[in-house]
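This report refers to the structure that appears directly beneath it.
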2 protein chains.
Amino acid sequence: MTQDGPTMSEGAVHRGRAASSGQPKSDTRAAGSGEASVVERRDEILEIAATLFAERGYRATSIRDIAERAGMKAGSLYYHITSKEALFVEIHDKALDAAAARVRAVIAGCRSPWERLEAACVEMLEIQLNPESLTLPIMNNFRSVPDEVKDALIRKRDEFERIFRDIIAALPLPSAIDRTIYRILLLRLLNTADEWYREGRLTRPEIAAQIVGIFRHEAG
Amino acid sequence: MTQDGPTMSEGAVHRGRAASSGQPKSDTRAAGSGEASVVERRDEILEIAATLFAERGYRATSIRDIAERAGMKAGSLYYHITSKEALFVEIHDKALDAAAARVRAVIAGCRSPWERLEAACVEMLEIQLNPESLTLPIMNNFRSVPDEVKDALIRKRDEFERIFRDIIAALPLPSAIDRTIYRILLLRLLNTADEWYREGRLTRPEIAAQIVGIFRHEAG
DNA sequence: CCTACCGATCGGTAGG
DNA sequence: CCTACCGATCGGTAGG
């Protein structure tokens, strides 16, 4: 009953042009003309797919689901993508890049290590819980992802998590606390926020503050 | 590469007879005879299915996978079960009952609230990470479970989590900490331990101690 | 417990 | 971008 029915909310997110991996053919439509370019169409598809993957997971999202929301037939989708797996990897990688940029941006304005941690937590919750920003809610769910793809995803995720490794390295934690599992536990909570978060009682910043409150320990 | 290949470890777990929901027909085989009874066969199937569900999730586990490991054809499985959904619900409920019993047992021997919390954490990690005890590693993954079933699972899980509500209610926490999200965060970590735990560096009790170390805050 | 089969759905392709 | 189709796989049933 919760997260199944089609959601008609597709915000304008990670439309960061500069396509890297190259599915779409040549495209040099004059900007300003009424027609949508091929790469714009492709970006729309990426967003739609991202939404569905986030809602239902990799396996439970069919190529036909994606095609339908994009207003085309399943076969036509293959003009824009090479495979379901490649589509997922591309979405995942772009989402992590966008998330990394956002987190780096907010911690840049902080002075103390604990401030940085809290700002990073707030931003992560925002990313994970805001349906407008399909930046990722994926990040996990690797169980339903085919093994061939999994390694690439994990490598990318480890790269992202380096941001948190650095934040945590600067914290004046008691020596009894192991920073590695500290990081693993914190990231697990942030990355799966969409699974445990209940709307209503507390705001995102309040929850971030609770998390930091729990994880905050000063060295004796 | 990680959790796909068939695992040949099927321990003797939650063989708690006293079958409740009733698939298997009448069965009154003399104990001690060499023949396996119908209910024993059914328990084997439950274990096999539990292992597969835990490894791959609900959707990624096919009825044919389960049948194959049980040494029979897919159709034959339906002599023992009514549906894949019902099978999952039954496994889930039995697993939670077994887990609840184990956690209640270990905390019964503790005197202080923090001792109780740590004992409960150790036991939960043991339950989640020990492949011999397919007591559950499910508990989550509800995303891939059909909506019709989800409600029943959630109700059962909430019942289980009451144990932790009680433990946490007794902790002398600072008033700034919200016990509800404290419980949600802690349970999220324990329940998904199989997803973030890396074998090798730290033992389960050491990790439980780290978790309690992080979550331990005494009221001023 | 098996064989044989059902309708549905999957990711993907050919050929326009 | 579409039609039409592929082989594979799914949960489940009939009829023994």
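Quick note on labels: first sequence line is chain A, next is B, and so on, each numbered from 1.
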Provide, to the nearest angstrom, the distance between the NZ atom belonging to B:K73 and the C1' atom belonging to D:dT13. 17 Å
Write down the distance between NE2 (A:H80) and P (C:dG11), rounded to a whole number of angstrom. 17 Å
Short side-chain N/O contact from B:R59 to OP1 or OP2 of D:dC10, under 4.0 Å: no
Protein-nucleotide distance (B:I66, atom CD1; D:dG12, atom P), rounded to Å: 10 Å
Determine, step by step, whether B:T51 and B:E55 satisfy the side-chain contact (heavy atoms from CB on, under 4.5 Å) criterion, reporting the C-alpha distance in whole Å, the side-chain angles of both residues, the deciding distance to 0.1 Å, and the verdict. CA-CA 6 Å; B:T51 310; B:E55 282 176 8; 3.6 Å; yes
Taking 4.0 Å as the cut-off, does a side-chain nitrogen or oxygen of B:S62 come that near to OP1 or OP2 on D:dC10? yes
Nearest-angstrom distance from the residue atom CD of A:E85 to P of C:dG12: 7 Å
For B:E206 and B:T203 the tightest heavy-atom approach is OE1-N, 2.8 Å
Separation of D:dG11 P from B:L77 CG (nearest whole Å): 10 Å
Side-chain N,O (A:Y78) to OP1/OP2 (C:dT13) below 4.0 Å: no
If I take atom CZ in residue A:R64 and atom P in nucleotide D:dT9, what distance separates them, rounded to the nearest angstrom? 16 Å
Could you walk me through whether B:L185 and A:L185 pass the side-chain contact (heavy atoms from CB on, under 4.5 Å) check? CA-CA 10 Å; B:L185 298 179; A:L185 299 179; over 6 Å; no
Measure the distance from CG on A:L87 to P on C:dC10 and round it to the nearest whole Å. 15 Å
Atom NZ of B:K84 and atom C1' of D:dT13 are separated, to the nearest Å, by 17 Å
Side chain of B:I63 (C-beta onward), nearest among C:dC1, D:dG11, D:dC1: D:dG11
Output the distance between atom CG (A:D43) and atom CG (A:L46), rounded to the nearest 0.5 Å. 6.0 Å
Need the pair for C:dC2. Rule: Watson-Crick or G-U wobble, both distances under 3.5 Å, any strand; none if unpaired. D:dG15
If you measure from CZ on A:R42 to OG on A:S37, what distance do you get to the nearest 0.5 Å? 11.5 Å
Among C:dC1, D:dC1, C:dG11, the nucleotide that comes nearest once only the side chain of B:S76 is considered: C:dC1
